[in-house]
Structure formats: structure tokens, C-alpha cells
Amino acid sequence: MSSETQLSLFDDSSFNQSQRDLIPTDSKIPIPPNTYTNMTELAQHCNQCHRCGLGNSRTHAVVGRGNLKAPIMVVGEAPGQHEDETGLPFVGKSGQLLEKILASVNLSTEHDVYIGNINKCRPPENRVPTTEEMAACLPYLLEQIRLVDPKIILLTGATAVKGLTGDKRGITKIRGQWIEWQGRLCMPIFHPSYLLRNPSREVGSPKWLMWQDIQAVRAKYDEIR
């Protein structure tokens, strides 16, 4: 190996010029912090991406929506059919319920919230993303979090919790508990689709628990703001 080649391994500009364009082609190629200067650049790579097999069957990559400088970020699992068709996260019935939950404490995606997913492409038949698929897409999400710079992250469901933090506990055991992750406050909450399957509003029901959790989020938001 020549000295010039050896030096190039430690040259950040070399990565930016050569390997950056290869990011969407192979999950083994890293996505270092500060790779993207804005969400548009990141979205372009997501729509070209084949770091895992999910890119072979997508209609659109689903990157995110909401306030790009929001103090609160919601992280979901992966796109469903409606999301794959529109290129936007949480636009089906689950998304409509999520909007209502946020609105119940005067939060909105226009002003307060940015929404993204662990995976940007829809898994076949809406199955749970594999560990490999989540790992391939995670660096994009980490860049999104850096760009948005939220103070609070809401993790909807166990897959989102596992995909971002590595915590494998069930959502019923950890929902409503604040978790510190890389200097940010994270709260696991039920996925809206779970609430749609459990419509009861009785004390102790998932919907009742969600109401407690979103009020705690609002209180923390007011405290740190």
C-alpha cells in the first residue's frame, strides 16, 4: 500500500468525494455524522438506497414530515401501504390518530413535531423489519436526529425502541418511562395502531395510559422550553 493510499484512509475529504456517493449502495459503507447538510440531501440518498433489500420493492422512500427544527421528534417503525404510496410517514389511520393524540395537548407537526421512522422503506406485507434492515437504515435516522436536534424523542412501539436504543424490553413494560439516550430524553409510547386495536377508554386501558403519557410529554416539553 502506497503512502498516499494510507493517508487517504484518514482523509475526511476523500470520504466525502468518493465514498459518499456509494452510501446508498452498501450497508457496509458508513454514514459518518455531518454527512448531510440538510434533509433534502438525505432524502435523495434514501430514494436511491439499496443498503438492504427493502429498496427493491418500495414505491417511495418515506423520510419524514413536520417541522425540521421541531423540539419533539416521533420515531415509528416503518412505512405501511399508505406511506409507501405517498412518501410520507403516518398518513393512514394510525397517523390520523397520532395527530389527534398530539392535538389533545396542543402539539402539532406544523410547529412542534417532526415524524420519522426506523426504516424508510416498507417491509413486505407490513412485517416487522429485520435486525439487518434496521441496522442498514439506522445511520439515516441518526443524521435526521442530528439535523432536527429535538429535545424529546417519542418512540412508538417496541421496534422503534429496539431500533434506536437497542432496548429489547416489551413496550408494556417501558412505556411512559423517560430514557436518556445520547443526551436526549426519550419516551416509549404505544404505537397508534395498537390503540386502534384496543379501543377501550377504561382506566388502565392502552388509550387511558397513552393519555397519561402524552400529558407527561407536554409537561416535560413546557419544563425544558
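Taking the ring axis of Y221 as reference, the NZ or CZ atom of R225 stays within 45° of it and closer than 6.0 Å to the ring centre.
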For S108 and V113, run side chain to side chain contact (heavy atoms under 4.5 Å, CB included): C-alpha distance rounded to whole Å, both residues' side-chain angles, the deciding distance at 0.1 Å, then the answer.
-> CA-CA 6 Å; S108 73; V113 179; over 6 Å; no
Run the salt bridge (charged side-chain N to carboxylate O under 4.0 Å, His left out) check on E99 and R65 step by step: do they pass?
-> CA-CA 12 Å; E99 295 282 359; R65 67 178 175 91; 2.8 Å; yes
Show your working on side chain to side chain contact (heavy atoms under 4.5 Å, CB included) between V74 and T156 and close with a plain yes or no.
-> CA-CA 7 Å; V74 175; T156 63; 3.7 Å; yes
Stepwise side chain to side chain contact (heavy atoms under 4.5 Å, CB included) check, N198 with K207 = CA-CA 8 Å; N198 295 273; K207 279 195 172 182; over 6 Å; no
Evaluate the side chain to side chain contact (heavy atoms under 4.5 Å, CB included) criterion for residues M187 and I152: first the C-alpha distance (whole Å), next the side-chain angles of each, then the deciding distance (0.1 Å), finally the verdict.
-> CA-CA 8 Å; M187 180 182 280; I152 294 173; 5.8 Å; no
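T159 is listed as a side-chain neighbour of P129, based on a closest heavy-atom distance under 4.5 Å. For the pair T109 and I115, the minimum side-chain heavy-atom distance is below 4.5 Å. Annotation: side chain of P24 is in contact with side chain of Y140 (closest heavy-atom distance under 4.5 Å). Counting only heavy atoms from C-beta outward, the side chains of D149 and K151 approach each other to under 4.5 Å. C52 has its side chain out of reach of E132: every pair of non-hydrogen atoms, C-beta onward, lies at least 4.5 Å apart. Residues N117 and P79 form a side-chain contact, since some pair of their non-hydrogen atoms from C-beta on lies under 4.5 Å apart. Counting heavy atoms from C-beta outward, L196 and K93 have side chains that approach closer than 4.5 Å. Under the 4.5 Å side-chain criterion, counting only non-hydrogen atoms from C-beta, I145 is in contact with P150.
Rounded to the nearest 0.5 angstrom, R218 CZ and N106 CG are separated by 6.0 Å. Put simply, OG1 on T37 and CG on L42 are 10.0 Å apart, with the number rounded to the nearest 0.5 Å. Between the CG atom in L209 and the CG atom in L195 there is a gap of 9.5 Å [rounded to 0.5 Å]. Distance SG/C186 to CG/L155: 5.0 Å, rounded to 0.5 Å. The line from CG of L164 to CH2 of W181 is 4.0 Å long, rounded to the nearest 0.5 Å. Within the model, atoms CD1 of I189 and CD1 of I101 stand 6.5 Å from one another, a figure rounded to the nearest 0.5 Å.
Side chains of Q48 and Q44: a donor-acceptor N/O pair is absent below 3.5 angstrom, by distance only. At a cut-off of 3.5 Å, with distance as the only test, a side-chain donor of N56 or H50 sits close to an acceptor on the other residue.
Note on R51 versus D26: no salt bridge recorded, every NZ/NE/NH1/NH2 to OD/OE distance being 4.0 Å or above. Salt bridge present: R169 and D167 bring a charged side-chain N and a carboxylate O closer than 4.0 Å. Salt bridge annotation for R122-E133: absent, with no cationic side-chain nitrogen under 4.0 angstrom from a carboxylate oxygen.
Cluster membership check: L141 does not share its hydrophobic cluster with L54, using side-chain heavy-atom separations under 4.5 Å among Ile, Leu, Val, Met, Phe, Trp and Tyr. When hydrophobic clusters are built by joining Ile, Leu, Val, Met, Phe, Trp and Tyr residues whose side-chain heavy atoms come closer than 4.5 Å, directly or via intermediates, L154 is not grouped with I179. I171 is connected to W178 through a chain of hydrophobic side-chain contacts under 4.5 Å among Ile, Leu, Val, Met, Phe, Trp and Tyr, so both are in one cluster. No chain of hydrophobic side-chain contacts below 4.5 Å, direct or via other Ile, Leu, Val, Met, Phe, Trp or Tyr residues, connects L88 to L98. Cluster membership for V148 and L185, using ILVMFWY side-chain heavy atoms within less than 4.5 angstrom, is shared.
For the side-chain hydrogen bond (donor to acceptor under 3.5 Å, both in side chains) test with Y36, the passing option among H45, Q144, E41, E143 is H45; the others fail.
Between the Q215 side chain and the W211 main chain, a donor and an acceptor come within less than 3.5 Å of each other. With hydrogens and angles ignored, the 3.5 Å screen pairs a side-chain donor or acceptor of H191 with a backbone N or O of S193. The closest donor-acceptor contact from the side chain of K69 to the backbone of L147 lies under 3.5 Å. Of the possible polar contacts, one joining the D84 side chain to the T59 backbone as a donor-acceptor pair under 3.5 Å is found.
When every heavy atom of S200 is checked against every heavy atom of S205, the shortest pair comes out as O-OG, 3.0 Å. Between P192 and L97, the shortest heavy-atom contact is O-CD2, 3.6 Å. E83 and V91 make their closest contact through OE2-N, 3.0 Å (heavy atoms, listed as atom of the first residue, atom of the second, distance). Smallest separation of non-hydrogen atoms from A70 and Y114: CB-N, 3.5 Å. Scanning all heavy atoms of the two residues, the minimum distance from E110 to N67 falls at O-CB, 3.7 Å. Nearest heavy atom pair, residue Q177 against residue P188, reads O-CD, 3.1 Å.
Taking the ring centroids of H82 and F90, they lie at or beyond the 6.0 Å cut-off.
Enclosure of atom CZ in R127 by more than 12 non-hydrogen atoms of other residues, nucleotides or ligands within 6.0 angstrom is indicated.
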